[in-house]
A.B. asks: 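Quick one: this structure, given as structure tokens, is what I'll be asking you about.
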Amino acid sequence: MKAFGVVGHPIAHSKSPEIHGLFAAQCKVDIDYKKYDVQPENFESFINDFFADGGIGLNITVPFKEEAFRLSAPANEKVKLSKAVNTLYKNEKGELIGDNTDGPGLVKDLSGNDILLKEKRILILGAGGAARGILPSLIEQAPKSITIANRTIKKAEQLKEEFSHLHSINVLGFDQVGVLEKAEKTESTERIENEPYDLIINATSLGLEGKTPKINNQAIKASTCCYDLMYSNKNTAFVNWGLENNAQTSIDGLGMLVEQAAVSFEIWLGTAPETSTIIDRIRRG
Ligand code: NDP
């Protein structure tokens, strides 16, 4: 049977085996997809052994996405930019290729929820690995503006610099979001920042503590979508924040999780699973 898996540390919580199992049943292919909890010092040798033993594909999760990028050849320009890999496979020449399906997965889930990004104003909260991973795909959708707010401003500035050749990015502290008086008052900032956002993405890990970034609710308007990359069986703190502040849509990242898995599955097996029924199934638990 074709061997696949997800590698992380820790990994017990991962829903990937269940999701890929449902895809395989739907597409009528036999796969063996396992969770692998690997110590950081063993990551590289694990990858080498897995593929040497005939493994077909691996998903990579926290904390190994950057190391997977270093160990593989990037599948495309977007991977080069994001410097993070969540999907590994060997090409026909036997080279280890790294792709990142998080951004395509997010865009697909957003469009599945009727959220299109062209000419939209996007606010990303957080500037860690997930923000970096989704930026190339968001930019590809030609939004009107992208603003990144982060606790550590330097990390947001770094992303702004790395992506500046593709799209201009505004950088703010959480306390400056929706509060024009406190924002950098350059002419362009003033023009751009005194409007609420069409899409607010929470890409911080604060939800793990049941918290949300402290931003002013003026950032929300009636048509805003609040999207939490984190997902949970019950509403996440950020989803609740969006609902409390009357965002039109406030959803978590379970759809993105399934969609990014579907893109990986298609890369490995050449078949795109139908995702909406699987999202519902995983949501029901
Ligand atoms: P990182 O550790 O790389 O980044 C964490 C981010 O959260 C940083 O911006 C960090 O700010 C911020 N942060 C952490 N603690 C605090 C705090 N106490 N106060 C303010 N800001 C804080 O994590 P990732 O980017 O990898 O993951 C972020 C989230 O995205 C996670 O919840 C993860 O589960 C989710 N995710 C979901 C996916 C999906 O398929 N749905 C896919 C990938 C990620 P600072 O820079 O200042 O440290």
Side-chain angles (χ1 to χ4, degrees), residues 6-20 40 59-69 79 82-87 99-110 112-113 115 123-138 147-160 162 169 171-177 200-215 225-233 235-239 241 250-265 275 278-279 282-283:
V6 56
V7 188
H9 182 66
I11 197 67
H13 62 283
S14 175
K15 295 182 191 292
S16 293
E18 190 185 348
I19 294 170
H20 282 276
N59 283 132
I60 307 298
T61 187
V62 179
F64 298 127
K65 290 184 186 179
E66 287 79 13
E67 199 176 346
F69 172 76
V79 177
S82 67
K83 298 192 175 84
V85 153
N86 78 338
T87 303
D99 208 335
N100 192 324
T101 64
D102 282 339
L106 170 63
V107 169
K108 200 141 177 259
D109 190 44
L110 285 167
N113 282 284
I115 315 290
L123 170 64
I124 303 171
L125 306 170
R132 173 181 286 284
I134 61 175
L135 260 174
S137 296
L138 295 176
T147 300
I148 301 179
N150 197 41
R151 175 180 60 178
T152 312
I153 296 285
K154 234 168 71 184
K155 279 173 69 182
E157 293 284 3
Q158 175 72 27
L159 288 182
K160 171 183 171 142
E162 285 179 41
I169 292 177
V171 169
L172 297 175
F174 290 139
D175 60 345
Q176 295 172 310
V177 172
I200 305 178
I201 297 171
N202 179 29
T204 72
S205 49
L206 263 170
L208 296 172
E209 302 162 37
K211 295 181 187 162
T212 60
K214 288 201 171 55
I215 62 166
C225 168
C226 288
Y227 193 102
D228 196 350
L229 294 194
M230 196 182 120
Y231 48 85
S232 169
N233 295 340
N235 282 355
T236 64
F238 184 73
V239 166
W241 180 80
S250 197
I251 44 182
D252 74 11
L254 188 78
M256 169 180 171
L257 178 78
V258 174
E259 296 291 2
Q260 63 78 28
V263 181
S264 296
F265 189 90
T275 46
I278 310 277
I279 294 172
I282 299 288
R283 175 81 65 200

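It should be emphasised that the depicted structure is a prediction, and the values quoted were computed from it without experimental measurement. Whatever order the structure lists ligands and atoms in, that order sets their numbers, starting from 1.
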A.B. asks: Does a donor on one side chain and an acceptor on the other come within less than 3.5 Å for N113 and Y227?
C.D. replies: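 No pair is found: no donor N or O on one side chain lies under 3.5 Å from an acceptor on the other.
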A.B. asks: Would a 4.5 Å heavy-atom cut-off, applied to side chains only, mark F174 and T204 as touching?
C.D. replies: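 F174 reaches T204 side chain to side chain.
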A.B. asks: Check each heavy atom of K65 against ligand 1 and say whether those closer than 4.0 Å belong to the side chain, the backbone, both or neither.
C.D. replies: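 It is the side chain that touches ligand 1; the backbone stays farther off.
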A.B. asks: So do the side chains of T212 and N202 get within less than 4.5 Å of each other, counting heavy atoms only?
C.D. replies: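 When only atoms from C-beta onward are counted, N202 and T212 do not touch, as no gap falls below 4.5 Å.
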A.B. asks: Please state which protein non-hydrogen atom is closest to atom 27 (O) of ligand 1 and give its distance, to 0.1 Å?
C.D. replies: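 Scanning the protein heavy atoms, the shortest distance from atom 27 (O) of ligand 1 goes to A130 CB, 3.8 Å.
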A.B. asks: Return a yes/no value: protein heavy atom under 4.0 Å from atom 34 (O) of ligand 1?
C.D. replies: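 False for atom 34 (O) of ligand 1.
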A.B. asks: Does L229 approach ligand 1 within less than 4.0 angstrom via side chain, backbone, both or neither, non-hydrogen atoms only?
C.D. replies: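 Within the 4.0 Å criterion, L229 contacts ligand 1 through backbone and side-chain atoms alike.
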A.B. asks: Looking at atom 5 (C) of ligand 1, what's its closest protein heavy atom, distance included?
C.D. replies: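 For this ligand atom, the closest protein heavy atom is S205 OG, 3.4 Å.
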A.B. asks: Is it the side chain (CB and beyond), the backbone, both or neither of N150 that lies under 4.0 Å from ligand 1, heavy atoms counted?
C.D. replies: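 Under 4.0 Å from ligand 1, N150 contributes side-chain atoms alone.
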A.B. asks: Among all protein non-hydrogen atoms, which one is nearest to atom 3 (O) of ligand 1, and what is the separation to 0.1 Å?
C.D. replies: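 Answer for atom 3 (O) of ligand 1: G129 N, 2.9 Å.
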A.B. asks: Considering only protein heavy atoms, which is closest to atom 18 (N) of ligand 1, and at what distance to one decimal place?
C.D. replies: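 Nearest neighbour among protein heavy atoms for atom 18 (N) of ligand 1, to 0.1 Å: R151 NH1, 3.3 Å.
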A.B. asks: Report the part of A203 in contact with ligand 1, treating N, CA, C, O as backbone and CB onward as side chain, heavy atoms under 4.0 Å; options are side chain, backbone, both, neither.
C.D. replies: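 It is the backbone that gets close, since no side chain atom is under 4.0 Å.
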A.B. asks: When you look for heavy atoms under 4.0 Å from ligand 1, do you find them on the side chain of A127, its backbone, both, or neither?
C.D. replies: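 Looking at A127 and ligand 1, just backbone atoms fall under 4.0 Å.
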A.B. asks: Do the side chains of R283 and D252 get nearer than 4.5 Å, heavy atoms only?
C.D. replies: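 SC-SC contact between D252 and R283 confirmed.
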A.B. asks: Check whether any side-chain heavy atom of I200 sits under 4.5 Å from a side-chain heavy atom of F238, and report yes or no.
C.D. replies: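 Of all side-chain heavy-atom pairs linking F238 with I200, at least one is under 4.5 Å.
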A.B. asks: Are a donor atom and an acceptor atom from the side chains of S264 and N59 found within less than 3.5 Å of each other?
C.D. replies: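 Note: S264 and N59 side chains meet the donor-acceptor criterion.
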